[in-house]
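Atom set for the values below is all heavy atoms of this structure, side chains included, hydrogens, waters and symmetry mates excluded. All residue numbers refer to positions in the sequence shown, counting from 1.
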Amino acid sequence: MKRYAWLRYPGFRDKAVTLTYDDGTSSDRKLIEIMSRYGLKGTFNINAGKMATEPGGYALTMEEAVELYTSSGNEVAAHGYCHQWLTEMETPMMVYEVLQDRIALEKAFGIPVRGFAYAYGAVDDTVVEIMRQCGYVYARTTAEAGNFNIPTDWLRMPITCRHRDPRLMELAKNFLEGPPGAYHWIQTPRLFTLMGHSIEFVKDNNWNIIEEFGAYVGSRDDVWYATNREVYDYVKSFENLQFAADGSFVYNPGREDVYICFKGVNHMIPSGETVRLD
């Protein structure tokens with residue numbers, strides 16, 4: 001039945017943007033200022049074992065991180081307790097690296113930490129299984145897909161590109177405008193995932209890159225701006241919709257409203273309700 005039902009983001013939007021930045025450095029402050037100015041949201045992946053002990057330095061203290069990321073409405077995800085190369089570690093050490101980061105971040109932020117970003121992009125089948133057993137529901141890689149597809153393997157979540165990619169604005173234009181007919185109702189919506197490290201803007205002296213991206217992609221009524229976790233949760237809510245065998249109605253067992261396009265007609269399916277489609 002899902003072949004007749006196409007996901008739409010909240011408000012029947014067909015485009016979403018999420019940013020994902022690593023390491024928890026103090027330059028995240030300026031990045032978040034720029035993101036907030038253009039209505040962008042994202043996920044900051046940090047290493048609890050490498051936080052600063054004193055404020056005002058290269059890395060944030062845990063207290064600074066809690067204030068910065070919580071007050072700005074962005075997500076915090078794990079990045080490995082000490083930013084280790086997981087594929088080179090023995091299993092017990094790997095489990096500690098992955099799980100201890102989650103435990104420390106949950107204690108500091110007071111919320112479940114369900115996302116992860118692989119340090120150095122290091123991932124293999126063993127690592128993925130450890131992630132699953134440690135309770136992570138998505139884990140971002142560094143693989144640049146160069147497209148706008150919604151992930152199908154959430155524990156090997158790719159990105160669209162890094163902000164250092166010279167194709168950034170070309171990809172952004174294609175994302176927003178697309179080829180002729182790109183937004184026909186039978187097509188799935190688009191997701192732009194931008195990755196980087198805010199310290200790169202400092203080292204390369206090119207904050208203008210994210211300013212230009214934000215000015216072009218941000219503050220649009222037709223784009224949903226979300227964190228990685230929000231995108232994951234919403235897509236799963238869509239996948240959990242329960243359709244009648246003949247497609248005459250659909251039930252939403254989840255806790256958030258879901259927007260769909262069913263046979264060319266838009267429908268909002270409220271949380272816990274059944275909606276007729278015929």
Please tell me whether [X] and [Y] have a donor and an acceptor in their side chains that are separated by less than 3.5 angstrom.
X	Y	result
S198	T25	yes
S271	E256	no
T20	N45	yes

What pair of heavy atoms forms the shortest contact from [X] to [Y], and how long is it?
X	Y	value
E67	S71	O-OG, 2.6 Å
G218	L40	CA-CD2, 4.0 Å
A108	V66	O-CG2, 3.8 Å
V113	V76	CG1-O, 4.2 Å
T43	A77	CG2-CB, 3.6 Å
P151	M157	CG-CG, 3.8 Å

I'd like to know if [Y] and [X] are part of one continuous hydrophobic network [Ile/Leu/Val/Met/Phe/Trp/Tyr, side-chain heavy atoms within less than 4.5 Å].
X	Y	result
Y251	M268	no
V127	I159	no
Y81	L99	no

Next on the checklist: Tell me every residue that passes side-chain hydrogen bond (donor to acceptor under 3.5 Å, both in side chains) with T87, counting only those two or more places apart in sequence or in another chain.
Outcome noted: W85
Checklist outcome for this item: The side-chain hydrogen bond (donor to acceptor under 3.5 Å, both in side chains) partners of Y225 (sequence neighbours excluded) come to none
What I'd like to find out is whether the side chain of [X] reaches to under 4.5 Å of the side chain of [Y], using heavy atoms alone.
X	Y	answer
F175	V17	yes
F148	L171	yes
Y234	V258	yes
F238	I260	yes
L194	I210	yes
R114	Y138	no
V250	L277	yes
M89	E97	yes

Can you tell me if [X] uses its side chain to pair, donor with acceptor, with the backbone of [Y] under 3.5 Å?
X	Y	result
S36	E33	no
R140	P158	no
Q242	P253	no
N47	G49	no
T160	T193	yes
D165	R167	yes
S72	Y69	yes
D14	P189	no

Tell me whether [X] is salt-bridged to [Y], with the criterion being a basic N under 4.0 Å from an acidic carboxylate O.
X	Y	value
D23	K50	no
D278	K263	no
E106	R102	yes
K236	E239	yes
E129	R132	yes
R164	D204	yes
K15	D222	yes

Please determine whether the number of non-hydrogen atoms from other residues, nucleotides or ligands lying under 6.0 Å from atom [atom1] of [X] exceeds 12.
X	atom1	answer
R255	CZ	no
E211	CD	yes
M169	CE	yes

Aromatic ring proximity [X]/[Y], centre distance under 6.0 Å:
X	Y	result
H83	Y120	yes
F192	F213	yes
F262	W6	no
Y118	F116	yes

Checklist entry - Going through the checks in order, is the salt bridge (Lys or Arg N to Asp or Glu O under 4.0 Å) test met by D124 and R156? => result CA-CA 9 Å; D124 58 20; R156 290 184 175 87; over 6 Å; no
Item to check | Pair I46-H79, side chain to side chain contact (heavy atoms under 4.5 Å, CB included): steps then yes or no | outcome: CA-CA 5 Å; I46 60 180; H79 195 35; 5.6 Å; no
Checklist entry - Partners of H163 by ring-ring contact (aromatic ring centres under 6.0 Å, His included), sequence neighbours excluded? => result Y21, F201
Point-to-point distance, once rounded to the nearest 0.5 Å, from [atom1] of [X] to [atom2] of [Y]:
X	Y	atom1	atom2	value
Y232	S237	OH	OG	9.5 Å
M62	K107	CE	NZ	10.0 Å
T141	M195	OG1	CE	8.5 Å
R229	N74	CZ	CG	10.5 Å

Next on the checklist: Determine whether T126 and V128 satisfy the following criterion, side chain to side chain contact (heavy atoms under 4.5 Å, CB included), listing intermediate values before the conclusion.
Outcome noted: CA-CA 5 Å; T126 300; V128 167; over 6 Å; no
Next on the checklist: salt bridge (Lys or Arg N to Asp or Glu O under 4.0 Å), that's the test. Do E75 and K41 meet it? Break it down for me.
Outcome noted: CA-CA 8 Å; E75 178 194 6; K41 292 181 69 176; over 6 Å; no
Next on the checklist: Checking T91 against I130 for the side chain to side chain contact (heavy atoms under 4.5 Å, CB included) test, could you report, in this order, the C-alpha distance in whole Å, the side-chain angles of both residues, the deciding distance, and whether it holds?
Outcome noted: CA-CA 8 Å; T91 298; I130 294 297; 4.0 Å; yes
